[in-house]
Amino acid sequence: MMRVDRSFLVMGLVFALLLAAPFVLPLIGQAYLLNLLIKAMLLAIAAISLDLLIGQGGMLSLGHAAFVAIGAYAAAIGLDSGIENILVLLLIALAVSGLYALVTGALALRTSGIYFLMITLAFGQMTYFTLTSLAPYGGDDGLTLWSLATLFGSDVVQSGGHLYIVILLTLLVTWWGVHRLSNSRFGRVLRAARDNPERTEIIGFSVFRYRLTAYVIAGMIAAVAGLLTVQQAEFVSPALATWQRSGDLLVVVVLGGLGTRNGALFGAFFLVIVEEVLGSFMHEWRLLYGPLLVLMALYARGGLSHLLLPAPKVSDPAKSGAAKTGAHLVNTEQAT
Amino acid sequence: MSVLEIRGLNKHFGAVHVSRDISLSVPEGQCHALIGPNGAGKTTLIHQISGVLRPDAGEIVLAGRNITASAIWQRAQAGLGRTFQLTSILPSFSVLENVALGAQAKDGSSFRFFRPAARERTLNDTAMTTLERLNMAERAHVPAADLSHGERRLLELAIALAGAPRFLLLDEPMAGLGRVESAMLTDILADLRRSIPMLLVEHDMDAIFRLADTVSVLVNGQVVAQGTPDEVRNDPAARAAYLGDSKT
Ligand SMILES: Nc1ncnc2c1ncn2[C@@H]1O[C@H](COP(=O)(O)OP(=O)(O)OP(=O)(O)O)[C@@H](O)[C@H]1O
Ligand SMILES: [Mg+2]
């Protein structure tokens with residue numbers, strides 16, 4: 001059966017547009033928009049990783065921003081102690097976030113549903129308060145970085161170089177990697193455990209181990225977004241780890257469409273654009289933002305991805321599972 | 001040598017003693033039926049064997065290996081397949097993917113992150129062969145949520161079979177099936193039991209008398225009679241406790 005996967009076409013189109021942006025926008029005098037796109041791409045990377053947890057794994061986390069912050073602080077502290085090579089900083093960020101995910105995940109995954117949400121929220125808050133107490137690194141105020149990471153001395157990974165392209169490539173690799181993972185054996189077990197954990201266990205899979213692995217992978221991806229955030233912002237602060245940030249990620253994922261290939265991507269761009277547009281003509285833009293979310297929740301079930309690309313009748317397992325995810329989460333919450 | 005051996009199993013739910021010193025053993029190539037009135041503790045026994053519940057005392061040995069303390073998934077990996085009294089499938093997966101997941105459990109590691117599972121020939125072939133065996137091949141690409149009740153029961157069995165189990169635990173597989181479907185499932189199980197020994201909980205007496213080599217009658221958590229179907233049919237205790245008040 002020959003069927004071109006539409007999500008690939010859409011991603012291809014988005015990628016092409018994003019690739020063209022740094023060449024086209026300066027020509028029409030809108031170069032400042034590139035910063036907005038970078039913001040959206042970084043948000044999308046973190047959101048894709050959160051969707052792996054929620055959409056594929058049914059693990060409703062409200063502490064995911066902690067991983068972004070950990071990645072950012074790992075890079076910042078590394079830079080502060082004289083490590084400049086971005087690949088070394090990347091390894092450090094991955095190691096620290098992976099270890100943190102392993103420990104907190106092993107504890108949090110003893111629960112599910114609403115209790116999992118509570119525990120991840122608690123770990124997120126712990127991270128936040130730990131960062132505020134890091135006096136040598138600015139405490140509450142955060143830390144401004146005077147030198148940024150380089151790639152073997154080259155500034156391609158900085159704003160003056162090709163940071164935009166580096167972030168775009170990272171987004172593409174993340175999107176593609178998570179897409180492959182969702183369809184792999186591992187992803188299949190993860191989705192099965194989301195739909196029916198008891199059955200999955202009886203078939204012969206340790207639900208805990210699969211979920212924990214997904215949790216670690218998602219945490220490490222979010223940490224990469226954190227590392228790149230440092231390169232962009234040249235600044236880190238505990239604000240990265242606030243639960244509002246985790247909430248934003250959750251909104252992005254749900255708004256975009258849980259467990260859909262492009263949902264997190266759409267959601268991230270939507271949020272950043274809405275923030276910018278609403279914010280440009282009113283200071284209290286969040287007053288409109290709230291009702292907008294309510295409307296989306298009521299009328300755009302399945303998220304933006306569903307509005308823009310209504311699901312075909314013949315269902316793809318990865319997608320058809322997603323439609324049920326919302327209901328499943330509610331069930332888990334009620335059952336546990 | 002018996003494939004499944006249960007020794008002195010006891011389980012309480014609070015003050016209720018739901019399993020009282022249950023011992024039974026099922027040798028290779030045999031079907032052991034477990035019958036008894038509602039609430040006798042049949043499902044509770046199946047839960048303990050599959051690991052969903054832990055017994056208070058006693059031992060469970062599968063193919064010579066003590067699995068009393070093993071996790072659910074470890075028992076499955078050791079060769080235990082089971083179906084549920086209330087059908088339990090993956091409704092958002094296609095029928096084929098449900099069964100392929102069963103095959104995947106016994107085909108090497110599933111910590112594989114890159115290759116699309118849906119395109120793995122060995123998994124799909126195993127799943128398809130299993131579905132053919134249950135006359136469900138033409139439903140392979142239907143979402144499992146769209147199956148009829150009877151088809152779901154068969155799918156559950158297919159998921160278990162795709163994992164090539166050493167032993168099957170079947171909790172009322174005929175429940176809710178029509179006469180034709182029941183007869184078909186009975187035929188299928190009759191074919192299977194010589195290659196895969198099974199513990200069968202069932203209310204359908206016709207099926208029991210056709211399939212079972214040994215029958216245990218469970219009443220209030222206790223095995224009150226055990227023997228061949230004919231012995232049990234003529235056992236006064238069994239008749240009084242159970243067979244007497246059924247319609248046959
Ligand atoms: N989790 C539980 N907690 C407390 N009591 C329970 C629990 N599960 C079952 N019981 C009780 O234990 C007894 C045995 O239940 P079980 O489900 O094993 O019976 P059964 O023989 O499978 O019945 P049926 O033929 O209706 O399926 C019943 O009295 C039931 O109410
Ligand atoms: Mg029962």
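Below, chain A is the first sequence line, B the second, and so on; all start at residue 1.
The closest donor-acceptor contact from the side chain of B:Arg112 to the backbone of A:Ser184 lies at 3.5 Å or more, if one exists at all. The backbone N or O of B:Leu90 sits nowhere less than 3.5 Å from a side-chain atom of A:Asn196 that would complete a donor-acceptor pair.
Remark: B:Leu86 CG is loosely packed, at most 12 non-hydrogen atoms of other residues, nucleotides or ligands lying under 6.0 Å away. Within 6.0 Å of the CZ atom in B:Arg54, the count of heavy atoms belonging to other residues, nucleotides or ligands exceeds 12. Dense packing is recorded around CZ of B:Arg194, with more than 12 heavy atoms of other residues, nucleotides or ligands lying under 6.0 Å away.
Using a 4.5 Å heavy-atom cutoff, the side chains of A:Ile202 and B:Ile159 are not in contact.
Heavy atoms of B:Ala160 lying under 4.5 Å from chain A are absent altogether. For A:Thr213, the part sitting under 4.5 Å from any heavy atom of chain B is the side chain, from C-beta outward, and nothing else. Heavy atoms closer than 4.5 Å to chain A are found in the backbone of B:Ile89, but not in its side chain. Looking at B:Ile72, the atoms closer than 4.5 Å to chain A (heavy atoms on both sides) sit in the backbone and in the side chain alike.
Between B:Phe111 and A:Tyr210, the gap from one ring centroid to the other is short of 6.0 Å.
Of all the heavy atoms in B:Trp73 and A:Glu201, the pair that sits closest is CD1-OE2, 3.0 Å. Nearest heavy atoms, B:Pro116 versus A:Arg180: CD-NH2, 3.6 Å. Across every non-hydrogen atom of A:Arg185 and B:Gln104, the tightest pair is O-NE2, 3.1 Å.
To the nearest 0.5 Å, the span separating CZ on A:Arg199 from OG1 on B:Thr83 amounts to 7.5 Å. Separating the OG atom in B:Ser50 from the CD atom in A:Glu198 is a distance of 8.0 Å, to the nearest 0.5 Å.
Within residues 97-106 of chain A, no residue approaches chain B closer than 4.5 Å by heavy atoms.
Take A:Trp175 and apply the ring pair (Phe, Tyr, Trp, His ring centres under 6.0 Å) test, not counting sequence neighbours, and it matches A:Phe8, A:His179.
Considering only heavy-atom pairs separated by less than 4.5 Å from chain A, the leading option among B:Gly163, B:Ala100, B:Ala162 is B:Ala100. Counting heavy-atom pairs under 4.5 Å between each of B:Ala117, B:Gly102, B:Ala71 and chain A puts B:Ala117 at the top.
Looking at A:Arg188 and B:Glu120, no side-chain N of the basic residue comes within less than 4.0 Å of a carboxylate O on the acidic one, giving no salt bridge.
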